[in-house]
Amino acid sequence: MSSATRINSVVELRREVEIAVLAVNSPPVNALSAQVREGIVEGIRQAGADAGIKAVVLHCEGRTFFAGADISEFGKPPKHPMLPEVVDFIEASAKPVVAALHGTALGGGLETALACHYRVAVSSAKVGFPEVKLGLLPGAGGTQRLPRLVGPEKALEMVTSGSPISAKAAKEMGIVDELVDEKDLLASAIAFARQVVAENRPLKKVRDLEDKIAPARGKPEIFEHFRKANARKFRGFEAPEYNIRCIEAAVNQPFDEGIRLERQLFQELVSGEQSAAQRHVFFAERQVWKIPDISDDTPTLPVKKVGIIGAGTMGGGISMNFANAGLPVTIVEAKPEALERGLGVIRRNYESTAKKGRMSMEDVERRMGLLTGSLKLEDLADCDLIIEAVFENMAIKKEIFSKLDAIAKPGAILATNTSYLNVNEIAAMTKRPESVLGMHFFSPANIMRLLEVVRGDKTDKRVIATAMQLGRQIGKIAVLVGVCHGFVGNRMLEPRQREANRLILEGAMPWDVDRVLYEFGFPMGPFAMADLAGLDIGWSRETSKGETVREILCEQDRRGQKTGAGFYDYDENRTAKPSKLVEQIILDLSAKKGIARRTISDQEILERCIYTMVNEGAKILEEGIAIRASDIDIVWINGYGWPVYRGGPMFYGEQVGLGHVVERLRDYEARFGADFKPSALLERLAAEGRGFRDL
Ligand code: 3H9
């Protein structure tokens with residue numbers, strides 16, 4: 001006999017003879033909101049009170065088992081029952097509770113499952129603790145239960161990487177008790193529950209398990225080794241260390257003590273700045289796809305074949321993205337040697353991935369098989385999307401687009417990979433500006449996640465929708481931006497670069513500026529970055545005027561890492577060392593320009609490099625070049641190494657206070673002039689005590 005009781009709008013209790021099914025349906029991902037939590041507790045209570053019920057199956061409808069706590073509740077007043085109370089309640093149930101896992105059982109979802117007495121899963125399910133990516137730790141017993149099931153080493157890996165594992169791996173590790181029929185999870189889970197009832201054994205609680213943690217007790221070296229091995233990866237982040245401390249407590253302390261520490265550290269993290277920043281990034285990454293005037297149901301154009309013009313570093317990297325996604329690509333180059341070189345680089349890239357075991361040799365051949373080289377633009381006539389990725393020169397780009405206009409089939413999307421130039425001017429070379437837009441990839445284009453999709457004045461909405469969707473298809477995070485010099489990312493790089501160059505003439509050294517930005521969280525500072533990229537990009541001996549440090553370095557053949565010297569000296573391992581010679585070059589140039597050098601504080605370096613970026617970002621918003629402030633944050637995090645735990649430049653500006661940013665900019669404006677003048681938007685928001693998010 002089956003009957004059903006509705007507990008609330010998202011939870012129902014169904015009786016399948018002696019088994020109760022606690023069914024949750026809270027789309028889209030069954031996050032453990034207050035209502036869901038209440039429903040679970042009430043459902044378990046009712047099942048417990050019903051003498052006819054022998055066991056409970058906890059099951060989620062829709063696409064997934066609980067994907068975690070409801071992230072949007074963090075930072076708001078707590079609502080009871082809290083998740084730790086819910087998991088305790090489940091674990092204390094006198095009747096066995098079986099979790100039926102499908103989709104992604106993540107974070108609080110997996111913690112809920114670990115508090116159940118059994119877990120069954122379909123093989124396509126994934127489980128994991130992604131909290132660290134939100135600057136958090138599993139705060140509902142996960143750090144204490146997981147190591148009791150899998151041992152501290154695997155637990156450390158799971159909680160600090162945040163990466164989910166497959167149900168099969170989870171079964172092997174002991175997280176899942178049984179893998180069940182993909183097609184009928186619920187029926188299998190009910191059958192499993194009947195079996196455990198029949199076995200009538202004492203209920204297994206994960207909190208009581210000892211065998212996986214006992215061998216590691218009193219061995220701090222396990223944790224020290226893990227910390228050391230991952231120091232680079234964890235640099236600047238608070239959450240990984242907090243996670244490690246919890247796992248260490250799980251091994252060395254009684255369960256309840258461990259839970260107390262977990263609670264305390266979770267509270268610290270959830271109320272801290274890093275987690276606020278990382279949660280902002282989580283939602284910002286999902287916002288970028290939403291374009292106010294282009295609805296989700298805008299029809300996209302079919303893209304079955306792609307053409308790339310240019311087989312250089314950019315063209316090659318871009319081509320790999322599409323081949324990886326299974327799309328055939330024609331790559332056009334002007335000269336046979338350049339084409340051959342470009343295809344050779346792509347092959348070597350794939351082969352090196354295969355050597356690392358991350359791709360099979362068949363995959364290498366399959367992807368290479370999708371790439372066709374050509375020396376004729378005419379061979380792009382049947383492509384649905386053509387991306388021009390040649391040298392950054394307006395005249396050349398214009399010529400290519402006017403030729404493409406005659407060659408490309410009607411309706412084909414014509415994209416330029418320009419990083420600075422005016423997409424409208426390029427579009428005007430064609431009779432179909434509605435089909436033209438920018439698709440700005442970042443180097444190395446096969447690896448970097450960011451794609452700036454540049455909307456021209458006349459670009460058709462379907463063309464934009466298609467480019468965004470393609471971005472998603474090739475695994476990028478696509479951000480829609482408008483036309484201006486450098487779009488969002490490079491335009492904001494300019495003030496930072498300008499200030500860095502001024503600071504070294506006013507009194508700082510390149511290694512001072514680099515250290516401050518490195519400590520802020522960037523992977524490297526602007527001068528180390530310039531050395532890596534090569535100082536002679538866009539430089540020539542004939543036109544060099546010897547007016548900047550960079551020009552003088554190039555003239556002296558110090559062109560960056562590739563020549564063993566640039567702003568820094570490099571040893572054979574490419575380790576950078578401050579250079580006496582460069583110091584002298586800088587001192588001489590300051591003197592020549594009549595600049596009286598002074599001691600510059602780290603604070604001034606940081607403020608001049610970063611607050612000017614926030615100001616430029618505000619101008620970008622004012623001009624409507626970016627849709628929203630959080631899009632700018634996504635650009636800088638994914639394209640320029642902005643530390644994710646600082647949430648992006650716009651979020652950071654808000655975190656330090658827009659009023660403070662304006663005040664500091666005004667002070668610098670008084671000392672150094674109009675480059676620091678706060679934008680009207682920044683002034684207005686600061687005066688009104690509002691933030692970018694209120695726009
Ligand atoms: C936690 O559990 C803490 C506990 O340890 C301790 C507590 C005391 N909450 O990504 P999608 C929304 S921390 C609220 O596009 P997909 C998302 O914003 C949590 N909302 O789908 C989006 O909304 P919209 C640990 C959430 O199929 C919509 O759902 N868990 C949550 O590409 C669809 O999302 C995690 O960190 C949430 N937890 O990917 C998992 N999750 O449509 C976070 C999603 O308005 N979630 N939303 O833009 C994910 O990784 C992915 O969403 C998932 C689905 C893989 C589940």
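All heavy atoms count here, side chains included; hydrogens, waters and symmetry mates do not. Please read all numbers here as calculations on a predicted model, not as lab measurements. We count ligands from 1, going down the list as the structure has it; atoms in each ligand are counted the same way.
Note that CD1 of Ile222 is 5.0 Å distant from CD of Glu153, once rounded to the nearest 0.5 Å. Residue Ile244 holds its CD1 atom at 7.0 Å from CG of Asn230, rounded to the nearest 0.5 Å.
Ser124 and Glu182 are linked by a side-chain donor-acceptor pair at a separation below 3.5 angstrom, with hydrogens and angles left out of the test. No side-chain donor from either of Tyr645 and Gln278 sits under 3.5 Å from a side-chain acceptor of the other.
If you look at Met82 next to ligand 1, there are no close heavy atoms at all, none under 4.0 Å. Counting heavy atoms closer than 4.0 Å to ligand 1, residue Leu134 contributes side-chain atoms (C-beta onward) but none from N, CA, C or O. Only the side chain of Arg63 comes within 4.0 Å of ligand 1, counting heavy atoms alone; its backbone N, CA, C and O stay farther away. With a 4.0 Å heavy-atom cut-off, ligand 1 is reached by the backbone of Asp70 and by its side chain too. Contacts between Glu73 and ligand 1, counted as non-hydrogen atom pairs separated by less than 4.0 Å, are absent for every part of the residue. With a heavy-atom cut-off of 4.0 Å, Phe129 does not touch ligand 1 at all. Residue-level proximity to ligand 1 for Thr104 is carried by the side chain, the only part with a heavy atom below 4.0 angstrom. In Arg279, neither the side chain nor the backbone holds a heavy atom less than 4.0 Å from any atom of ligand 1. For Pro28, every heavy-atom contact with ligand 1 shorter than 4.0 Å involves the side chain, none the backbone.
For a threshold of 3.5 Å applied to N or O pairs, the pair formed by Gly107 and ligand 1 contains no separation below that value. The shortest N or O to N or O distance between Ala31 and ligand 1 is not under 3.5 Å. Between Phe266 and ligand 1, not a single N/O pair is under 3.5 Å apart. When only interatomic distances are considered, the shortest N/O to N/O separation between Ser72 and ligand 1 does not fall below 3.5 Å.
The nearest protein atom to atom 6 (C) of ligand 1, hydrogens excluded, is given as Gly139 N, 3.4 Å; this is a heavy-atom distance. For atom 9 (N) of ligand 1, the closest non-hydrogen atom on the protein side is Ile71 N, 2.9 Å. Of all protein heavy atoms, the one closest to atom 11 (P) of ligand 1 is Arg286 NE, 3.6 Å.
Here the two rings, on Tyr652 and Trp636, have centers that are 6.0 Å apart or farther. Between His102 and Phe65, the gap from one ring centroid to the other reaches at least 6.0 Å. Two rings, from His225 and Phe223, have their centers 6.0 Å or more apart. In this structure, Phe442 has its ring center closer than 6.0 angstrom to the ring center of Tyr640.
Taking the centre and axis of the six-membered ring of Phe234, the NZ or CZ atom of Arg232 falls outside the cone set by 45° and 6.0 Å. The cationic group of Arg646 lies under 6.0 Å from the six-membered ring centre of Phe520 and within 45° of the ring axis, placing it in a cation-pi geometry.
Close contacts of ligand 1 with Phe283, meaning ligand atoms under 4.0 Å from a residue heavy atom, involve 18 (O). Those atoms of ligand 1 that come under 4.0 Å of a heavy atom in Pro138, given as number and element, are 5 (O). In the vicinity of Phe282, heavy-atom distances shorter than 4.0 Å reach the ligand 1 atoms 18 (O), 41 (N), 43 (C), 44 (C), 46 (N). Counting atoms of ligand 1 from 1 in the listed order, those under 4.0 Å from a heavy atom of Lys290 are 24 (P), 45 (O), 48 (O). Near Val29, meaning under 4.0 Å from any of its heavy atoms, are these atoms of ligand 1: 31 (C), 41 (N), 44 (C), 47 (N). Against a heavy-atom cut-off of under 4.0 Å, Arg263 is close to the following atoms of ligand 1: 8 (C). Applying the 4.0 Å criterion to heavy atoms of Pro130 picks out, from ligand 1, the atoms 25 (C), 30 (N), 35 (C), 36 (O).
Note that atom 23 (O) of ligand 1 has no protein non-hydrogen atoms nearby, at separations under 4.0 angstrom. Within a 4.0 Å radius of atom 32 (O) of ligand 1, the protein has no heavy atom.
Applying the side-chain contact (heavy atoms from CB on, under 4.5 Å) test between Val127 and each of Leu114, Leu106, Leu110 identifies Leu110 as the sole match.
Comparing Pro27, Gly68, Ala67, Ala69 by heavy-atom distance to atom 37 (C) of ligand 1, the nearest is Ala69. Among Arg37, Lys126, Glu111, Gln267, the residue whose heavy atom lies closest to atom 4 (C) of ligand 1 is Glu111.
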Decide yes or no on side chain to side chain contact (heavy atoms under 4.5 Å, CB included) for Ile413 and Met439, but give the supporting numbers first. CA-CA 11 Å; Ile413 298 175; Met439 286 178 82; 5.6 Å; no
Could you give me the CA-CA distance, side-chain angles and deciding distance for Phe66 and Cys60, then say whether side chain to side chain contact (heavy atoms under 4.5 Å, CB included) is met? CA-CA 7 Å; Phe66 311 112; Cys60 290; 3.5 Å; yes
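Screening residues 119-136 for salt bridge (Lys or Arg N to Asp or Glu O under 4.0 Å) gives no qualifying pairs among residues at least two apart or on separate chains.
Around CG of Asp296, the count of heavy atoms belonging to other residues, nucleotides or ligands within 6.0 Å does not exceed 12. Heavy-atom contacts from other residues, nucleotides or ligands closer than 6.0 Å to CZ of Arg227 number more than 12.
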